[in-house]
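Notes to accompany the following structure.
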Protein chains: 2
Amino acid sequence: MQMTSDLMTIRQMCDAFDVTPRTLRFYEAKELLFPQRDGTRRMFTRRDRARLTLILRGKRFGFSLEDIRQILDLYDRDGSNHAQTIRTYELAQARLAQMEAQRAELDVAIAELKAELDAGGAMIAGLRRAAE
Amino acid sequence: MQMTSDLMTIRQMCDAFDVTPRTLRFYEAKELLFPQRDGTRRMFTRRDRARLTLILRGKRFGFSLEDIRQILDLYDRDGSNHAQTIRTYELAQARLAQMEAQRAELDVAIAELKAELDAGGAMIAGLRRAAE
DNA sequence: AGATTGCTTGACGTTAACGTAAATGTAACG
DNA sequence: CGTTACATTTACGTTAACGTCAAGCAATCT
């Protein structure tokens, strides 16, 4: 019950987030996480956990790790570097446009596939009737 | 104006479907297409074009080429194999459910990112005012 | 004939996101 | 102190869907 352990080992992280050690090391190599070290061992901070949550969410959304890294950087900017902040902001806007385009395409694909399935459904109903 | 040309060269195919020669050769290697040969050259038939249309549609739906190959093979089985047809149908339905879930998550992601950007926008407006 | 196109078949290169194995380190248990 | 249990780094392997040469044949233009 010490307040020291705001820190988690790699295994605790793996259990908590259902990822492999390799994944966490990989994310560190890609500069998505920045665990401290206890000697040679990684100790993940609260901040790492917050970032990992966002990373996994981003992945569910279909973002690449590189996309995610850039977006996380956006969250990080303590507002000191104005020019960079603005550039990042514009980048995020571009990304948003991409996402909306992607959603539009997805909508079309879903509509088409639904139409396919409706046709197929009728065919299969026919097969079922014929089979009786 | 000869009726001979139900056949198309690789370049005609590329222009018609907006794909590269490499792609068509790749699809042939993967047994998704079966062009005839005029000597050494590929000649794509009406059937190849029909298949390619389905392949590209499948890709828009997010199916892998391997998935697509299996589905095309099922269409080929002249409809004699009802069980397989039904399995394919179910597979497509599952895929549709995936896509709709993905869209739902994407909607959330877009909303979140928009909120982030609104906050960032206000911040940047503030910065601009401070800079004057 | 020579040169230009366009097609062919290899066959290695690329990207993303890790998996997997090897060699080594170290901390705690008994 | 020896073994077990995890940890670390290094580095090669994997999958999908082509891209990108390289080298050579074949028909066509000049």
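So that the names make sense, note that chain A is the first sequence line, chain B the second, and so on, each numbered from 1.
- A salt bridge is absent between B:R103 and B:D107; no separation between the charged side-chain nitrogens and carboxylate oxygens falls under 4.0 Å.
- Residues A:M43 and A:M8 fail the side-chain proximity criterion, which asks for heavy atoms closer than 4.5 Å.
- One atom, CZ of B:R25, and another, P of D:dA22, lie 16 Å apart when rounded to the nearest Å.
- Remark: C1' of D:dT10 and CZ of A:F26 are 15 Å apart, rounded to the nearest angstrom.
- Look at NZ on A:K59: it is 6 Å from C1' on C:dA17, rounded to the nearest Å.
- Counting heavy atoms from C-beta outward, A:F26 and A:L32 have side chains that stay 4.5 Å or more apart.
- Straight-line distance from the CD1 atom of B:I68 to the C1' atom of D:dC18: 14 Å, rounded to whole Å.
- Whole-Å rounding puts the B:L33 CG to D:dA17 P distance at 14 Å.
- For the pair A:Y27 and C:dC18, the criterion of a side-chain N or O lying under 4.0 Å from OP1 or OP2 is met.
- Picking from D:dA17, C:dA17, D:dT9 the nucleotide with the shortest atom distance to the side chain of A:S64 gives C:dA17.
- A:R11 comes within 4.0 angstrom of the backbone, heavy atoms only, and of no base.
- Contact check for A:L24 versus A:E28: no side-chain heavy atoms found under the 4.5 Å cut-off.
- Looking at A:D48, its side chain does come within 3.5 Å of a backbone N or O of A:T45 through a donor-acceptor pair.
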Quiz item: Quick one: what's the B/S/- string for nucleotides 19-28 of chain C, heavy-atom cutoff under 4.0 Å, read 5' to 3'?
Solution: BB--------

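- Between the C1' atom of D:dA5 and the CD1 atom of A:I10 lies a distance of 15 Å, rounded to the nearest Å.
- The pair A:D6-A:R47 does not meet the salt-bridge criterion, since no charged nitrogen lies less than 4.0 angstrom from a carboxylate oxygen.
- Between D:dT9 and A:R37, a contact under 4.0 Å exists linking OP1 or OP2 to a side-chain N or O.
- Distance CZ (B:F63) to P (D:dA17): 13 Å, rounded to an integer number of Å.
- Here the closest non-hydrogen pair linking B:K30 and B:R69 is O-CD, 3.2 Å.
- Here the P atom of nucleotide C:dC18 and the CD atom of A:E28 are 15 Å apart, to the nearest Å.
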